[in-house]
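In what follows, every chain begins at residue 1, and chains take the letters A, B, ... in the order their sequences are listed.
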Protein chains: 2
Amino acid sequence: MKGDFLYQRVYKDLKNSILNGKYKTDSKLPSENELCESYQTTRLTIRQAFEELRKEGFIYKIHGKGTFVKAEKRSLGLLSFKGFSEVVGEGHLVQTRILQKPVCKSFPLIFFEELSETEQEVGCIYLERLRFADQTPVMLEQTYLPNLELSVNTKTTAKLSSICDAPLVNDSLFKTLQIQFEIEVVGLEQAIRAVESEKYIAEMLRIVTKSPILHINRRYITNKSNFFIYSTLYCNTDKYAMSNNF
Amino acid sequence: MKGDFLYQRVYKDLKNSILNGKYKTDSKLPSENELCESYQTTRLTIRQAFEELRKEGFIYKIHGKGTFVKAEKRSLGLLSFKGFSEVVGEGHLVQTRILQKPVCKSFPLIFFEELSETEQEVGCIYLERLRFADQTPVMLEQTYLPNLELSVNTKTTAKLSSICDAPLVNDSLFKTLQIQFEIEVVGLEQAIRAVESEKYIAEMLRIVTKSPILHINRRYITNKSNFFIYSTLYCNTDKYAMSNNF
DNA sequence: CAGTGGTCTAGACCACGAG
DNA sequence: TCGTGGTCTAGACCACTGA
């Protein structure tokens with residue numbers, strides 16, 4: 001968990017208190033000024049923590065009254081850029097099956113923008129994962145990473161393709177990238193469509209071929225400039241809707 | 001346009017400069033400190049303006065380098081809580097056909113949360129609109145507003161059902177609510193599914209019955225506490241995907 | 001190294017809500 | 001009237017980028 005900054009510690013503490021039930025639905029959180037005293041800090045810092053929680057749909061604010069806990073979600077908040085486990089694991093049993101371990105190949109697809117020349121040249125590392133929530137397959141994810149050399153620790157560099165050699169940490173791609181390459185996902189662009197499922201996708205998601213699924217094209221933005229991660233997602237929304245908040 | 005606050009003026013100026021092409025894709029915006037001087041303000045204010053632009057996908061930042069203009073979107077950013085015209089009108093011809101003018105009826109549906117007792121009692125005002133982008137029907141929207149009495153100008157109250165008596169301002173529900181009732185939409189919860197289109201929906205969207213469409217349930221959060229707007233959206237994503245950014 | 005954005009302090013005034 | 005969140009000032013130190 002991120003914890004380098006004070007506002008992230010406040011965020012984490014409050015989030016845990018909400019998830020643990022210390023603060024229940026629609027109950028009032030401590031005011032900004034009270035939290036300033038608790039953490040010996042200023043309002044900006046508390047407000048940064050609140051802003052994170054608000055973005056993730058945990059709280060809402062009412063001017064003049066206070067900050068309150070939102071009702072629990074009944075769907076998977078998968079339209080944000082957090083990792084699958086982080087989002088879904090808050091209230092569901094999470095499993096991942098790796099259908100294709102990371103392998104090198106050429107870039108097969110056009111996503112939102114045309115790929116840069118560099119990206120086309122180096123090709124990509126491809127992997128395919130099937131995600132489960134409470135034993136139900138809900139999402140098939142095909143991921144493409146540009147096969148670049150990346151600087152690590154300001155001095156050394158590492159070939160990203162070394163990720164093909166060892167299993168993922170905790171089955172998590174994002175965690176593996178963070179630990180081995182200091183890559184952090186900081187943003188996301190996505191385009192969402194409703195489409196008929198092809199035979200292969202339908203079999204994986206255990207649904208009838210041609211039944212409607214969500215088709216999502218994503219470009220993840222990272223802390224390394226010009227390094228993007230591309231994903232295509234196929235989601236079965238029969239049991240769980242996809243959700244987000246603003 | 002919102003313009004009461006300095007950060008909103010900065011936001012508006014920068015957004016216009018981007019849309020007008022003064023700042024082109026991937027070109028660098030003035031630094032935070034430069035903008036501080038231009039507007040005779042402090043970094044927090046500039047950062048608030050940047051944060052708005054970042055949320056809407058207009059800019060991205062790179063630590064140590066600067067703030068840059070994002071590439072144009074090629075899909076409709078309709079997963080945010082901005083109004084249809086505001087989001088789609090930036091690059092497309094926008095039209096709205098009112099299929100059902102606002103009428104009073106009882107609440108027919110359960111959305112994310114159960115409705116409050118008050119909401120169940122007062123019933124709702126219902127309207128149905130078909131939205132076009134570049135002459136293509138892209139979205140059918142069914143909207144439900146609790147039929148409450150609302151305080152306006154701190155002293156007087158008005159029945160929301162008076163909205164049934166006159167046509168909408170600019171065909172915009174949000175604008176009408178803002179002008180007549182001082183209601184502002186400040187947030188959004190939504191759950192998204194892929195479903196087969198029913199006959200009526202398909203006819204309206206000019207697609208084949210049972211072809212896949214996006215089904216979105218929304219709860220808009222407003223500046224009036226305990227006043228929510230509920231909408232069900234059916235989206236044809238054949239031509240335009242729905243998009244957002246984080 | 002200078003310039004950039006990221007975090008943070010210690011205040012201030014305001015508009016809103018409720019009693 | 002008082003406490004709340006919303007906006008804003010005028011600084012500060014840091015980590016990152018590129019020359």
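- Side-chain contact of Glu56(B) with Tyr11(B): a donor-acceptor pair under 3.5 Å is present, judged by distance alone.
- If you measure from atom CD1 of Ile59(B) to atom P of dT4(C), you get 15 Å, rounded to the nearest angstrom.
- Phosphate proximity of dT4(C) to Ser31(B): present, with a side-chain N or O under 4.0 Å from OP1 or OP2.
- DNA chain C is contacted by both Pro30(B) and Tyr39(A); Pro30(B) maps to the nucleotide lying nearer its 5′ end (nearest heavy atom per residue).
- Note that NZ of Lys70(A) is 11.5 Å distant from CG of Leu53(A), once rounded to the nearest 0.5 Å.
- Between the P atom of dC8(D) and the CZ atom of Arg9(B) lies a distance of 10 Å, rounded to the nearest Å.
- Atom pair Arg47(B):CZ and dG6(D):P shows a separation of 18 Å (rounding to whole Å applied).
- Straight-line distance from the CG atom of Leu53(A) to the C1' atom of dG5(D): 15 Å, rounded to whole Å.
- For Tyr7(A), no side-chain nitrogen or oxygen approaches OP1 or OP2 of dC8(C) to under 4.0 Å.
- Side chain of Lys24(B) to backbone of Gly21(B): a donor-acceptor contact under 3.5 angstrom is found.
- Listed nucleotides: dC8(D), dT4(C), dT4(D). Nearest to the side chain of Lys28(B): dT4(C).
- Listed by chain and number, the residues in a side chain to side chain donor-acceptor pair (under 3.5 Å) with Asn33(A) amount to none (sequence neighbours excluded).
- Between dG6(C), dT4(D), dC8(C), one nucleotide has an atom nearer to the side chain of Leu6(A) than all others, and that is dC8(C).
- If you take CD of Glu52(B) and P of dG6(D), they are 13 Å apart, rounded to a whole angstrom.
- Within 4.0 Å (heavy atoms only), Thr42(B) reaches at least one base atom of the nucleic acid.
- Between Phe5(A) atom CZ and dC8(C) atom C1' there is a gap of 10 Å when expressed in whole angstrom units.
- Taking Ser31(A) as the reference, nothing meets the side chain to side chain donor-acceptor pair (under 3.5 Å) condition, with sequence neighbours excluded.
- Phosphate contact (OP1/OP2 of dG18(D), side-chain N/O of Lys65(B), threshold under 4.0 Å): present.
- The interatomic distance linking Ile62(A) (CD1) with dA15(C) (C1') rounds to 15 Å, in whole Å.
- Taking every side-chain heavy atom of Lys61(B) into account, dG6(C) is the closest of dT7(D), dG17(C), dG6(C).
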Could you pull out the protein-nucleic contacts involving nucleotides 12-14 of chain C (nitrogen or oxygen on both sides, under 3.5 Å)?
| unit_1 | atom_1 | unit_2 | atom_2 | d |
| --- | --- | --- | --- | --- |
| dA12(C) | N6 | Arg43(A) | NH1 | 3.4 |

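- Distance CG (Leu44(B)) to C1' (dG11(C)): 13 Å, rounded to an integer number of Å.
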Between Ile192(A) and Met242(A), is the side chain to side chain contact (heavy atoms under 4.5 Å, CB included) condition met? List the steps.
CA-CA 11 Å; Ile192(A) 304 182; Met242(A) 302 294 139; over 6 Å; no
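- Taking only side-chain nitrogens and oxygens, Thr45(A) comes nearer than 4.0 Å to OP1 or OP2 of dT9(C).
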Residues Lys28(B), Glu34(B); criterion salt bridge (charged side-chain N to carboxylate O under 4.0 Å, His left out); working and verdict:
CA-CA 12 Å; Lys28(B) 193 172 162 305; Glu34(B) 284 168 349; 5.1 Å; no
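- Below 30°, between 30° and 60°, or above 60°: for Phe174(A) and Tyr220(A) the angle between ring planes is above 60°, a perpendicular geometry.
- Closest approach to the Thr41(B) side chain among dG17(C), dG6(C), dC8(D) is made by dC8(D) (side chain taken as heavy atoms from C-beta onward).
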